Amino acid sequence: LNFNVLALEVDFSKALTVNEYILGKRNDGEDALKGLEFFHCVNQETLTLINWMREYNSQASNEKKIKFYGFDFFDVKTSLDRIHEFFTQVDADFAGKLKKIETIKSPHLFTAPYVKKDDIELIEKKLNADSLTYVQNSSQKAWQLTKHLVTILKYAIIINSEGKEEIRDSLMKKNIDWIINFEGRDTKIMLWAHNAHVEYATMFNCNFDKQFKMMGLLLKETYKDQL
């Protein structure tokens, strides 16, 4: 079938650890999987799957290696940790400032903490202002990934601070778009999510006052016969 990306309805930043495992960059596969914390994939079957992916990648060329991603975005702490890790490599002074950024408890039920807009803007401005130096001291891919982790922090504000649950599917769809562009337009991606998210359908929010398109419908509108 020639799929080269598996993407799950789990947190984007946490899934990066699993991706590093299947690429042979770390050896803690079981712990990486447990870190996803989602009941539908933290099990023996998925562990067997990622072990198979790791074994496959050990024999494959760089162009043929398969990747593992998440397209949800609730865990800001792991995103911040990843951003700090990048700046530790390219800008130790700014990395020290990042350690002072705190997460804020969400006022909404069933949502996670978030980061203040001012703090996100500070990180984004620094990434853009010194982008050439940062790319030289890391790589274009590392810079792009870190920039997207900042975007993930923005998504978390919309859901966790503003409580706009009705646009979660559209933001997950944007994450999938980013993954495809990041991995290359020839990427063939397999998605794993709850049935409602992949339906070609619309749905009402909890208050029944707003109707929104599910991720599946949004993807169908963009990718049409490619889906």
Side-chain angles (χ1 to χ4, degrees), residues 1-38 40-73 75 78-79 82 85-86 135 138-152 155 169-195 197-200 214-227:
L1 298 176
N2 294 321
F3 288 97
N4 61 336
V5 173
L6 174 63
L8 279 66
E9 184 196 339
V10 297
D11 186 81
F12 180 91
S13 56
K14 287 184 175 179
L16 294 175
T17 305
V18 178
N19 192 52
E20 289 169 349
Y21 172 71
I22 69 167
L23 290 173
K25 297 179 179 180
R26 58 194 309 148
N27 298 315
D28 54 347
E30 187 170 357
D31 288 340
L33 185 63
K34 288 179 179 177
L36 299 182
E37 297 181 344
F38 244 114
H40 68 281
C41 63
V42 181
N43 50 49
Q44 183 59 48
E45 289 79 6
T46 311
L47 180 59
T48 300
L49 173 62
I50 66 171
N51 283 337
W52 176 86
M53 295 171 76
R54 179 183 171 94
E55 177 63 25
Y56 172 87
N57 281 340
S58 70
Q59 307 295 325
S61 64
N62 287 335
E63 294 76 19
K64 295 293 184 179
K65 291 185 188 298
I66 48 182
K67 310 291 179 60
F68 184 103
Y69 280 97
F71 51 82
D72 219 337
F73 48 85
D75 182 26
T78 305
S79 294
R82 286 274 177 176
E85 183 180 323
F86 173 80
V135 169
S138 57
S139 68
Q140 182 70 31
K141 286 284 191 180
W143 180 85
Q144 289 176 321
L145 179 60
T146 305
K147 190 171 177 63
H148 189 63
L149 287 168
V150 176
T151 300
I152 296 291
Y155 291 172
D169 274 69
S170 67
L171 297 178
M172 290 196 295
K173 188 266 183 182
K174 287 184 178 181
N175 267 343
I176 294 167
D177 291 338
W178 183 89
I179 292 167
I180 292 171
N181 288 326
F182 184 70
E183 291 295 335
R185 293 302 300 178
D186 292 333
T187 294
K188 191 173 181 182
I189 186 169
M190 180 181 292
L191 304 177
W192 178 356
H194 286 95
N195 290 346
H197 293 304
V198 297
E199 286 183 331
Y200 301 158
M214 303 308 293
M215 183 185 74
L217 180 57
L218 294 168
L219 288 168
K220 185 66 175 176
E221 290 176 346
T222 297
Y223 297 99
K224 300 179 174 61
D225 293 340
Q226 291 179 285
L227 199 62

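Note that this is a predicted model, so its numbers are computed, not measured. Start at 1 with the first residue, then count along the sequence. What's counted below: heavy atoms across the whole structure, side chains too, no hydrogens, waters or symmetry copies.
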### Asn57 vs Tyr21, side chain to side chain donor-acceptor pair (under 3.5 Å): CA-CA, chis, key distance, verdict
CA-CA 10 Å; Asn57 281 340; Tyr21 172 71; over 6 Å; no

### Pair Leu191-Leu219, side-chain contact (heavy atoms from CB on, under 4.5 Å): steps then yes or no
CA-CA 11 Å; Leu191 304 177; Leu219 288 168; 3.5 Å; yes

Under a 4.5 Å cut-off applied to non-hydrogen side-chain atoms, are [X] and [Y] in contact?
{"X": "Val5", "Y": "Ile66", "result": "no"}
{"X": "Thr151", "Y": "Lys174", "result": "no"}
{"X": "Phe12", "Y": "Leu145", "result": "yes"}
{"X": "Lys173", "Y": "Thr222", "result": "yes"}
{"X": "Asn175", "Y": "Asp72", "result": "no"}
{"X": "Val10", "Y": "Cys41", "result": "yes"}
{"X": "Leu23", "Y": "Lys67", "result": "yes"}
{"X": "Leu49", "Y": "Glu45", "result": "no"}

Backbone of [Y] reached by a side-chain donor or acceptor of [X] within 3.5 Å:
{"X": "Asp169", "Y": "Met215", "result": "yes"}
{"X": "Asn4", "Y": "Thr187", "result": "no"}
{"X": "Asn19", "Y": "Phe68", "result": "yes"}
{"X": "Lys65", "Y": "Ala60", "result": "yes"}
{"X": "Asp28", "Y": "Asp31", "result": "no"}

### Query
Under the salt bridge (Lys or Arg N to Asp or Glu O under 4.0 Å) criterion, do Arg82 and Glu20 qualify, and how do the steps go?
CA-CA 13 Å; Arg82 286 274 177 176; Glu20 289 169 349; 2.6 Å; yes

### Query
Within a reach of under 6.0 Å around NZ of Lys141, are more than 12 heavy atoms found that belong to other residues, nucleotides or ligands?
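Yes - once you tally the heavy atoms of other residues, nucleotides and ligands closer than 6.0 Å, there are more than 12.
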
### Message
For Lys188, I'd like to know if atom NZ has over 12 heavy atoms of other residues, nucleotides or ligands within 6.0 Å.
### Response
yes

### Message
Students often mix this up, so state it plainly: with edges at 30° and 60°, are the rings of Phe182 and Trp178 parallel, tilted or perpendicular?
### Response
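Ring orientation, 0 to 90° scale: parallel.
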
### Message
Ignoring hydrogens and geometry beyond distance, is a side-chain donor-acceptor pair present between Thr48 and Asn51 at under 3.5 Å?
### Response
no

### Message
On a heavy-atom basis, which atom in Leu149 and which in Ser79 lie closest, and how many Å separate them?
### Response
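In terms of heavy atoms, the two residues are closest at CD2-OG, 4.0 Å.
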
